[in-house]
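One structure is given below, encoded as structure tokens.
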Amino acid sequence: MDEQRLQEEDVLKDCLRKQLDEFHMLSSIFCNAGELHVDNYSFVDNISAYIEGETKRLEAKLDYQLKLPLLQNGEKVEIRVDLPYLYPGIEVPNFVIRSASYPREKERAITERIERYVSEEVVDQSEPYVYQVISWIQDNFEEITKFEDDQSRSSKTQSSETSGEIIFERLWIYSHHLKSKAKRQTILKTARDLNLTGFSRPGKRAIICVEGRQQDTQEFWRTIRPLKWQKIQIKLVESKTVDRFEKLDNRRRFNGFREELFTEVGDENDEEVPMSMSLFMKFLDKHNSGYIRKEFFGFDSVEGEL
């Protein structure tokens, strides 16, 4: 067992070493001010210390953003790169495109096109290939966006010819903590932009619930997941096919999307105050969601219906 653990650790360290080598290479290539950005450089130092055996704990995964002038007017497009621990070789990096000129649907379509490129055209995934993907994006961005526009028009035409069923989805998300004001604002803005309802509980032991069209809940997850987290995961996915004649709002349990601290009177604006379990349970029961306590806390409860 110890031998297997050591082998797994060697594989992990080899992946992390390749990630750092590639990151430093990218830093030397995209060296102009603002081109390559890391939210917290201490995480790069932490990975390096882990590889050298100076620490046994990995604080976070490596991720960074590149802002490159890819549009004809010179406007910069942000490419977010989120690396899982076992990239390259075993796990695949997550790429997200962001541009002030594009609506979320177009950003999502471009991101999906990049994912197809990785799966279909990156032949050797045992070695780092983020630079290969970035170079491909730079060389083909206009073609990629045009292709996705054509695909979008085709998809809309096909959609109008079908019955139009949609999938309603509710995601229950858990994080070790949520304190960053920037993250909290991103969560609020993204949920509201996507017309999602639910709530976000900031602080230590963070809980987020979003509900709405599946394509929007999945876009929300793709947006917040690459942010810097010590730990974040989807605890439960609830989905239901809804006929186009049925109002989507009939499936919602929450009105709007807002932060909820679940603290006693006088502590409403202090996320450092521990969450009142009693208030949280009452809130869940009020919104027909008491069963979720089992997913988060192991409490037995009657299962709810979507």
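Note that this is a predicted model, so its numbers are computed, not measured.
- The neighbour count for K189 NZ, taken as heavy atoms of other residues, nucleotides or ligands under 6.0 Å away, does not exceed 12.
- G212 and R252 make their closest contact through CA-NH1, 3.9 Å (heavy atoms, listed as atom of the first residue, atom of the second, distance).
- Side-chain contact between Q218 and Q215 is absent, with no heavy-atom pair separated by less than 4.5 Å.
- Of the possible polar contacts, one joining the S180 side chain to the K183 backbone as a donor-acceptor pair under 3.5 Å is found.
- At least one side-chain heavy atom of I208 sits under 4.5 Å from a side-chain heavy atom of F220.
- Under a hydrophobic-cluster definition in which Ile, Leu, Val, Met, Phe, Trp and Tyr are linked whenever side-chain heavy atoms come within less than 4.5 Å, directly or via other members, V118 and V96 are assigned to different clusters.
- For the atom pair H37 NE2 and K67 NZ, the distance stands at 7.5 Å (nearest 0.5 Å).
- Not less than 6.0 angstrom separates the ring centroid of Y50 from the ring centroid of F43.
- Within the 4.5 Å cutoff, the side chain of I90 has heavy atoms near those of the V11 side chain.
- Ring orientation note: the planes of F199 and F254 are tilted relative to one another, at an angle of 30° to 60°.
- Under a 3.5 Å cut-off, the side chain of R80 and the backbone N or O of F95 do not form any donor-acceptor pair.
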Item to check | side chain to side chain contact (heavy atoms under 4.5 Å, CB included) between L194 and T223, intermediate numbers included | outcome: CA-CA 11 Å; L194 294 170; T223 299; 5.5 Å; no
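- Side-chain atoms of Y291 and L236, non-hydrogen and from C-beta on, do get closer than 4.5 Å to each other.
- In the displayed structure, N255 atom CG is contacted under 6.0 Å by at most 12 heavy atoms of other residues, nucleotides or ligands.
- Note: Q132 CD to I137 CD1 = 11.0 Å, rounded to the nearest 0.5 Å.
- Considering CD of E169 and OG1 of T241, their distance stands at 11.0 Å, rounded to 0.5 Å.
- Grouping the Ile, Leu, Val, Met, Phe, Trp and Tyr side chains by contacts below 4.5 angstrom, directly or via other members, places V123 apart from I134.
- Distance check, rounded to the nearest 0.5 Å: CG of L36 to CG of L68 gives 9.0 Å.
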Next on the checklist: Show, in sequence, the C-alpha distance, side-chain angles and deciding distance for L188 and S200, and conclude whether the side chain to side chain contact (heavy atoms under 4.5 Å, CB included) test is met.
Outcome noted: CA-CA 8 Å; L188 287 169; S200 171; 5.5 Å; no
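- Not a single donor-acceptor pair under 3.5 Å links the side chain of K235 to the backbone N or O of I207.
- At distances below 3.5 Å, not a single donor-acceptor pair connects side-chain atoms of E259 with backbone N or O atoms of P202.
- Counting heavy atoms from C-beta on, the side chains of L83 and Y64 come closer than 4.5 Å.
- The pair D21-R17 does not count as a salt bridge, with every side-chain nitrogen at least 4.0 angstrom from each carboxylate oxygen.
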Item to check | Q138 and L70: CA distance, side-chain angles, deciding distance, side chain to side chain contact (heavy atoms under 4.5 Å, CB included) verdict | outcome: CA-CA 7 Å; Q138 287 180 294; L70 301 180; 4.0 Å; yes
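- At distances below 3.5 Å, not a single donor-acceptor pair connects side-chain atoms of T190 with backbone N or O atoms of I187.
- Considering only heavy atoms from C-beta on, L12 comes within 4.5 Å of L58 through its side chain.
- The pair R98-E219 counts as a salt bridge, with a side-chain nitrogen and a carboxylate oxygen less than 4.0 angstrom apart.
- Using a distance-only test at 3.5 Å, with no hydrogens or angles considered, a donor-acceptor pair links the side chain of E22 to the main chain of V130.
- Between the T197 side chain and the F257 main chain, no donor and acceptor come within less than 3.5 Å of each other.
- Contact record, M277 with R205: CE-NH1, 3.6 Å, taken as the closest heavy-atom pair.
- Paired with S99 under the rule side-chain contact (heavy atoms from CB on, under 4.5 Å), one option of E78, E75, K106, K76 passes, and it is E75.
- With hydrogens and angles disregarded, no donor-acceptor distance shorter than 3.5 Å links the side chain of Q125 to the backbone of V92.
- Remark: the backbone N or O of R170 is not paired with any side-chain donor or acceptor of R251 at under 3.5 angstrom.
- Counting only heavy atoms from C-beta outward, the side chains of I232 and W221 approach each other to under 4.5 Å.
- The distance from atom CD1 of I167 to atom NZ of K240, rounded to the nearest 0.5 Å, is 11.5 Å.
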Next on the checklist: Between T111 and R222, does the side-chain hydrogen bond (donor to acceptor under 3.5 Å, both in side chains) criterion hold? Intermediate values first, please.
Outcome noted: CA-CA 10 Å; T111 297; R222 278 193 292 267; over 6 Å; no
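- If you check the side chains of E121 and Y129, you find no donor sitting under 3.5 Å from an acceptor.
- Between the CD1 atom in I47 and the CZ atom in F23 there is a gap of 9.5 Å [rounded to 0.5 Å].
- Of the residues listed (Y117, F141, Y131), the one engaging W136 in a ring pair (Phe, Tyr, Trp, His ring centres under 6.0 Å) is Y117, and it is the only one.
- In terms of heavy atoms, E35 sits closest to C31 at OE1-N, 3.4 Å.
- No side-chain heavy atom of V81 sits under 4.5 Å from any side-chain heavy atom of D63.
- Among all heavy-atom pairs drawn from K204 and R201, the shortest one is O-NH2, 4.0 Å.
- Contact record, P88 with S126: CG-O, 3.7 Å, taken as the closest heavy-atom pair.
- When all heavy atoms of I97 and E107 are compared, the closest pair comes out as O-CB, 3.5 Å.
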Checklist entry - Under the side chain to side chain contact (heavy atoms under 4.5 Å, CB included) criterion, do L62 and Y87 qualify, and how do the steps go? => result CA-CA 10 Å; L62 179 60; Y87 160 84; over 6 Å; no
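- Ring geometry for F280 against F283 counts as parallel: the plane angle stays under 30°, on a 0 to 90° scale with 60° as the upper cut.
- Taking the charged nitrogens against the carboxylate oxygens, E9 and K13 do have a contact shorter than 4.0 Å, which makes a salt bridge.
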